[in-house]
Amino acid sequence: MKNILLSGDGGQGVQLIAKILCSVAFDAEQHVTSIPNYGLEQRGGVSLNFIQIDEAPIVYPKFKTADLLLILSPQARERTIQFVGDNTIVIDIADYAEVIKEAQVPRRSQNIFFLGVLTTVLEKENIGITKDAVLILLENMLSKKAGWEENKKSFEAGLHMNLS
Amino acid sequence: MKRQFLTGHEVAVLACIDAGATHMFGYPITPGTEILTNWIHHTQKNKALEYLQTEDEIAAGFAVCGAVMAGEKTFTATAGPGTVLMQDALSMADGMRLPFVCIVAQRGGPSSGTVIYSQQEVNLAIHGGNGEGMRLVYSPSTVQELYDMTRKTFNGAWKYRFPSVVLTDGFLLKTRQDVVLNTDYPNVEAEPLVHEKEYKHIRNIYTVEEELYEVLQEHKRDFDAMAKEVADYEAYKTEDAEVVIVAHGIVGAATKAAVDMLRESGKKVGLFRPKTLSPFPAEALNNLAEHCPSLCIVESSMGQLRDLVKQALTVSAEIHGLYKPAVGIDVEEIVSFIQENYQ
């Protein structure tokens with residue numbers, strides 16, 4: 001697992017969860033690159049973040065095929081189809097509609113729910129991303145802000161997704 | 001040395017501070033805006049640093065011209081259409097031999113184009129003025145090089161007195177990466193071009209054609225002398241290469257990874273990467289092309305690097321290229337192109 005592509009609409013919090021995952025991997029002594037990509041829109045356009053995490057130094061911050069792809073909106077799906085390869089693990093919000101409803105994940109915490117889902121996948125990869133480390137960082141960043149309890153619950157709901 | 005997780009913007013600003021810059025004049029434009037905002041952030045903590053957000057790039061450029069004449073290490077940063085506007089002041093700096101430092105964050109063009117990436121401002125950085133294009137232009141390929149070359153750009157500007165550009169792009173500037181910066185670098189000191197109460201005529205206009213002609217001859221002699229000292233390049237796995245890929249900036253980084261992949265599959269491929277686009281490392285390229293006359297240009301423009309290569313070559317070489325204006329070029333794409341076109 002080296003190439004991670006996060007995608008959604010501007011304002012959905014893609015850049016925030018990219019920052020969290022990268023910071024945790026950096027703290028775990030991994031080599032990390034993260035490059036945001038978006039258009040002119042402040043909100044509503046497609047927002048991407050290309051992340052690479054590796055034990056070896058990374059020479060180029062972009063990639064052609066994602067190992068793990070997060071899709072949080074229909075237009076993000078359309079934009080990122082070109083990065084899907086035979087072995088890409090795709091986490092698509094369209095497949096989680098029922099779960100999100102059942103777990104009562106509010107719209108503004110959906111990115112944090114998917115941070116939990118991503119953490120579950122990445123924890124198996126031995127690249128320094130663990131549930132505990134992500135939760136600690138999340139707590140440092142968000143616990144003093146409004147909606148922390150909802151975010152924490154959403155993260156935990158994401159962690160309980162079985163993706164096998 | 002401390003391991004840090006920094007963006008290219010943050011690294012560029014650190015390099016400016018370490019180079020001894022005290023003032024930034026700028027107008028925000030993506031993807032270079034964060035150079036201005038990061039610099040402003042530093043001015044809040046370090047009272048020796050100053051900034052002025054001007055009404056446009058023209059004003060920012062002329063503010064740099066004035067400040068360097070007073071002996072202040074000063075710089076600006078811009079992108080795309082801002083680089084176009086900056087040519088007015090840069091051209092004055094060409095004529096007056098001012099140590100004008102500009103960080104250019106290339107974005108797609110023409111006009112407002114796209115806001116993140118391209119390699120389409122090569123011509124503008126070198127030849128954007130109404131003169132002969134005697135500028136020092138560095139093209140970094142990694143975050144560490146962005147730091148090194150920003151330091152070198154300040155040193156070159158103040159030592160040789162030619163306008164100097166760090167030509168980068170939004171991919172390199174926006175990438176956040178783990179880095180261990182080597183910051184150990186001596187600075188060339190700034191000094192006033194005109195001292196207080198002194199009268200000195202630093203000209204950018206002449207009434208007699210022959211007078212300007214003589215001045216330009218002198219500039220050319222100085223530029224050629226500088227070229228011998230600063231023209232720089234990286235030759236990677238070129239000793240036995242049957243094909244040499246020529247690439248610069250961040251595409252050079254992707255090409256380096258592609259060379260490694262191609263070598264693993266038995267292709268004898270190398271990389272020639274000009275670190276200075278102006279002055280261009282012509283002698284090194286010609287020496288290389290003498291034993292490997294098959295060159296493949298890879299760039300995110302329709303041939304701006306290719307034109308520099310053709311201009312530099314004095315030996316015959318066969319030139320092909322992968323030209324992708326305004327889009328990034330992935331490692332795998334370079335590998336496929338070489339495999340398909342060089343059997």
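In what follows, every chain begins at residue 1, and chains take the letters A, B, ... in the order their sequences are listed.
Interatomic distance, B:L172 CG to A:Y60 OH, rounded to the nearest 0.5 Å: 10.5 Å. For the atom pair CD (B:Q177) and SG (A:C22), the distance works out to 11.0 Å, reported to the nearest 0.5 Å.
Interface remark: B:I329 contributes backbone atoms only to the contact with chain A (heavy atom separation under 4.5 Å). For A:Q30, the part lying under 4.5 angstrom from a heavy atom of chain B is the backbone only. Contacts between B:K174 and chain A at a heavy-atom distance below 4.5 Å involve backbone atoms as well as side-chain atoms. Contact annotation for B:Q144: neither backbone nor side-chain heavy atoms come within less than 4.5 Å of a heavy atom of chain A. Of the atoms belonging to A:I58, it is backbone heavy atoms, and not side-chain ones, that fall under 4.5 Å from chain B. In this structure, chain A has heavy atoms under 4.5 Å from both the backbone and the side chain of B:I250.
Taking a 6.0 Å sphere around OH of B:Y233, one finds it holds 12 or fewer heavy atoms contributed by other residues, nucleotides or ligands. No more than 12 heavy atoms of other residues, nucleotides or ligands lie within 6.0 Å of CG in B:D184, so this atom counts as exposed by the packing criterion. Remark: A:E139 CD is packed, more than 12 non-hydrogen atoms of other residues, nucleotides or ligands lying under 6.0 Å away. Atom CD of A:Q104 sits in a sparse spot, with 12 or fewer heavy atoms from other residues, nucleotides or ligands closer than 6.0 Å. A:E55 CD: 12 or fewer foreign heavy atoms inside a 6.0 Å radius. Environment of NZ in B:K268: sparse, with no more than 12 heavy atoms of neighbouring residues, nucleotides or ligands closer than 6.0 Å. Around atom CG of A:D95, more than 12 heavy atoms belonging to other residues, nucleotides or ligands sit under 6.0 Å away. Residue A:K153 qualifies as open at atom NZ: its count of foreign heavy atoms under 6.0 Å is 12 or below.
Side-chain contact between A:V59 and B:S141 is absent, with no heavy atoms from C-beta onward closer than 4.5 Å. Contact of the B:F5 side chain with the A:D27 side chain is not registered, since no non-hydrogen atoms from C-beta on lie closer than 4.5 Å. Two residues are said to be in side-chain contact when any heavy atoms from C-beta on lie closer than 4.5 Å; B:D330 and A:F63 fail this criterion.
Figure legend: cation-pi geometry between B:R3 and A:F26, with NZ or CZ positioned under 6.0 Å from the six-membered ring centre and within 45° of its axis.
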Test side chain to side chain contact (heavy atoms under 4.5 Å, CB included) on A:F50 and B:T175 and set out the steps. CA-CA 9 Å; A:F50 294 83; B:T175 298; over 6 Å; no
Let's go through B:F171 and A:N37 carefully: what are the C-alpha distance in whole Å and the side-chain angles of both, what is the deciding distance for side chain to side chain contact (heavy atoms under 4.5 Å, CB included) to 0.1 Å, and is it a yes or a no? CA-CA 9 Å; B:F171 281 178; A:N37 193 300; 4.1 Å; yes
